[in-house]
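In what follows, every chain begins at residue 1, and chains take the letters A, B, ... in the order their sequences are listed.
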There are 2 protein chains.
Amino acid sequence: MSKKQQILETAIQLFAEYGIEATSIQHITKSTGISKGAFYLSFASKEDLIKEIIDTFMKQFVADIDRVVNTPLLADEKLQNYFSAHLNLLEKHADFAKMYAQEQMYSINEEILEKLMYYDALIDRSLLSLFQELFPLQTEQQAIDLLVSIKGLIRIYSQLILFHPYPHDTTRIVEVLVEKTMLLGEHSKTFYLTMEMVKLPVTSESQLPTTSQIHVVIEELQKERHPELIEETFEVLREELQREHPRQAVLQGLYGHLIAYTPTKWLSYLVKQIDTKKDA
Amino acid sequence: MSKKQQILETAIQLFAEYGIEATSIQHITKSTGISKGAFYLSFASKEDLIKEIIDTFMKQFVADIDRVVNTPLLADEKLQNYFSAHLNLLEKHADFAKMYAQEQMYSINEEILEKLMYYDALIDRSLLSLFQELFPLQTEQQAIDLLVSIKGLIRIYSQLILFHPYPHDTTRIVEVLVEKTMLLGEHSKTFYLTMEMVKLPVTSESQLPTTSQIHVVIEELQKERHPELIEETFEVLREELQREHPRQAVLQGLYGHLIAYTPTKWLSYLVKQIDTKKDA
DNA sequence: TTGACGTTTGACCAACTGGTCATTAGTATA
DNA sequence: TATACTAATGACCAGTTGGTCAAACGTCAA
């Protein structure tokens, strides 16, 4: 594991345990077993460290959630899978989730707050499209209201899971959440929220990735070694993106390889977005 | 306004705006327009300041909520009043609410966390009794599950209100919350949470206040001047508590005076608890 | 005017913060 | 072995933190 990776992991642990503000760089370096100077070889600043942590994890989250929601299944199976995926990610990356929870409530920095809101909006968008599939007759206002309610439920259940040392029965929790979602989605009659009040700034197509952005991401990834299959995928992807109209069949195959390998999850998400755009 | 009061108010504002950790004592003293030494004449430490802020507000909150839930009305009117009261308190004390939100997520101190959980549990208890009145056939598990769900909804709507600059229509939000509560309360079939998982440590009677505790609170209050009626109420209350069995009729009258005057709200709550105990 | 007494000040403290950089250690090549 | 390179160190910096305390201030009665 690279030095940078080591620092990242120690930092997340400390951030989760003591809070971000309360964790000093000396604290991190001592726990990692390196000198202060070494830290600044890997990260430009404490803020930079926090940003990298958020990027690393949230990109995975977004890609994973997006895949679950876009897998061709019945809508209610998808809903179940969504909750499952969410809770599993929570358990798997509990330290990050704890850190995320506090940063979300009180961000040390405007820029970081925006970053969080950006990823949050991407996930919201996935959930929203799922709701529109589940309850086709819903108005936009209904969907937004449901979205917020479900987020509230997920958040409080997540908090319980994270901060309560218990062998949790996630499949049971999923059942409970699905039931509540269906109840609220089918029978709610009064609504308060509107689109502008929750501001999901990512709904416009202006946010869709361009091929050049994807090329940048690939270049970044190629700075490190990856399995044969992945390296090959990069090459094919580059070629396919040269075309005026990249062929969906090809992209989908590549997507399959990329989503299955953690470091390229975000790339897979970007490819998928391109894909759906050409679709429309 | 006393110097202490001035400091408290400035501190809450700063805590709400910049976060608790990020706000230094120098920051507070400069904003209040006093010297550092003067701060330490009113508070023993920064931690002490935070504790006092929490106590001041949460005692009011608990008393106000408890009154709403125990007013003799139809259960669904109570529910509506509960949400109303909650949202109004939120708007009225927005700065404290913001501070509370962050401290709840990541407390700088174990002792403060316990304090927060204590007051939280008191409010939970009020809500729980209301649910049991609304849905008499519910099992304990159902009630707990509903409690957590509603708390999740309240929290996310609160967050929207607090951090979104909008002229919010609280009566509309109350409608929405009432509808969702009724939906979830009446039709939920699957449950996950149990009493021990949310641990409401205040349910046992061991937590009920003793008359001697009340005497201490009165003494504390009498260090400052209060309206004639209140001073008189103190005297009558003292006498009544001397009796083997304080008379409900008298206590209820006194309660009416105490709940209406902010500094004695907490005392009114304690008196009410004594009252209901002798009841049972 | 004096002196006594509580209030208020702000320079001062040690500890710690995020961040820098001359120096050193380690390693690969010639 | 000598050279050239990067990787790593930790003393050091200026600034800030929560907290203290001798000294100055204000306000009385004598």
For [X] and [N], what is the distance between atoms [atom1] and [atom2] respectively, to the nearest whole Å?
{"X": "E21(B)", "N": "dG18(C)", "atom1": "CD", "atom2": "P", "value": "11 Å"}
{"X": "L14(B)", "N": "dT17(D)", "atom1": "CG", "atom2": "P", "value": "12 Å"}
{"X": "I28(A)", "N": "dG18(C)", "atom1": "CD1", "atom2": "P", "value": "8 Å"}
{"X": "H27(B)", "N": "dG19(D)", "atom1": "NE2", "atom2": "C1'", "value": "19 Å"}
{"X": "I25(B)", "N": "dG10(C)", "atom1": "CD1", "atom2": "C1'", "value": "15 Å"}
{"X": "Y18(A)", "N": "dC16(C)", "atom1": "OH", "atom2": "P", "value": "15 Å"}
{"X": "N109(A)", "N": "dG18(C)", "atom1": "CG", "atom2": "P", "value": "14 Å"}
{"X": "F39(A)", "N": "dG10(D)", "atom1": "CZ", "atom2": "P", "value": "17 Å"}

Exercise. Is any side-chain N of the basic residue among D64(B) and R67(B) closer than 4.0 Å to the acidic one's carboxylate O?
Worked result: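 A salt bridge links D64(B) with R67(B).
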
Problem set entry | Lys/Arg-Asp/Glu bridge criterion (N-O < 4.0 Å) met for E111(A), K115(A) |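 Between K115(A) and E111(A) there is no salt bridge, as every charged N stays at least 4.0 Å from the carboxylate O atoms.
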
Exercise. Per the atom types in the model, does the base of dG19(C) pair as donor or acceptor with the side chain of K46(A) at under 3.5 Å?
Worked result: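 No, the side chain and the base share no sub-3.5 Å donor-acceptor pair.
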
For this session: Could you check A44(A) against A22(A) and say which one's nearest nucleotide on DNA chain C is further toward the 5' end?
Result: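 Looking at the nearest nucleotide for each, A22(A) comes out on the 5' side.
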
Exercise. Roughly how bent is the helix from dT1(C)-dA30(D) to dA30(C)-dT1(D) end to end, in steps of 10 degrees, with each end axis from five pairs?
Worked result: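 The end axes of the helix from dT1(C)-dA30(D) to dA30(C)-dT1(D) are about 20° apart, to the nearest 10°.
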
Checking contacts here: which listed nucleotide ([options]) is nearest the side-chain heavy atoms of [X]?
{"X": "S35(B)", "options": "dT9(C), dG19(D), dA7(D)", "value": "dT9(C)"}
{"X": "Y40(B)", "options": "dG18(D), dG18(C), dT8(C)", "value": "dG18(D)"}
{"X": "A38(B)", "options": "dT8(C), dG19(D), dA8(D)", "value": "dT8(C)"}
{"X": "Q26(B)", "options": "dT17(D), dG10(C), dT9(D)", "value": "dT17(D)"}
{"X": "S24(A)", "options": "dT17(C), dT9(D), dG18(D)", "value": "dT17(C)"}

For this session: May I ask you to decide if Q26(B)'s main-chain N or O and T29(B)'s side chain share a donor-acceptor pair within less than 3.5 Å?
Result: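 Checked: pair present.
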
Exercise. So, the side chain of T264(B) versus the backbone of L258(B): is there a donor-acceptor pair under 3.5 Å, distance only?
Worked result: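 The answer is yes, because a donor-acceptor pair under 3.5 Å joins these two groups.
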
Problem set entry | Intermediate values then yes/no, side-chain contact (heavy atoms from CB on, under 4.5 Å), T170(B) and L90(B) | CA-CA 11 Å; T170(B) 40; L90(B) 206 77; over 6 Å; no

Problem set entry | Sub-6.0 Å ring centroid separation between Y18(A) and H27(A) |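 Ring-ring flag for Y18(A)/H27(A): true, centres closer than 6.0 Å.
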
Exercise. dC21(C) phosphate, OP1 or OP2: any side-chain N/O from K36(A) under 4.0 angstrom?
Worked result: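 So the side-chain polar atoms of K36(A) never come under 4.0 Å of the phosphate oxygens OP1 or OP2 of dC21(C).
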
N/O to N/O distances under 3.5 Å, protein versus nucleotides 25-27 of chain D:
none

Hey, can you pull the donor-acceptor pairs under 3.5 Å for the side chains in residues 7-17 of chain A, sequence neighbours left out?
from	atom 1	to	atom 2	distance (Å)
T10(A)	OG1	Q6(A)	O	2.6
T10(A)	OG1	T32(A)	OG1	3.3

For this session: Evaluate the ring planes of H168(B) and H164(B), with Trp represented by its six-membered ring, and classify them as parallel (under 30°), tilted (30 to 60°) or perpendicular (over 60°).
Result: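 If you compare the ring of H168(B) with that of H164(B), the planes turn out perpendicular.
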
For this session: If the plane angle is over 60° it's perpendicular, under 30° parallel, otherwise tilted; pick one for F61(B) and F96(B).
Result: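 Rings of F61(B) and F96(B): perpendicular, over 60°.
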
Problem set entry | Approximate separation, where rounding is to 0.5 Å, of Q273(A) CD and T210(A) OG1 |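 Here the interatomic distance stands at 12.5 Å.
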
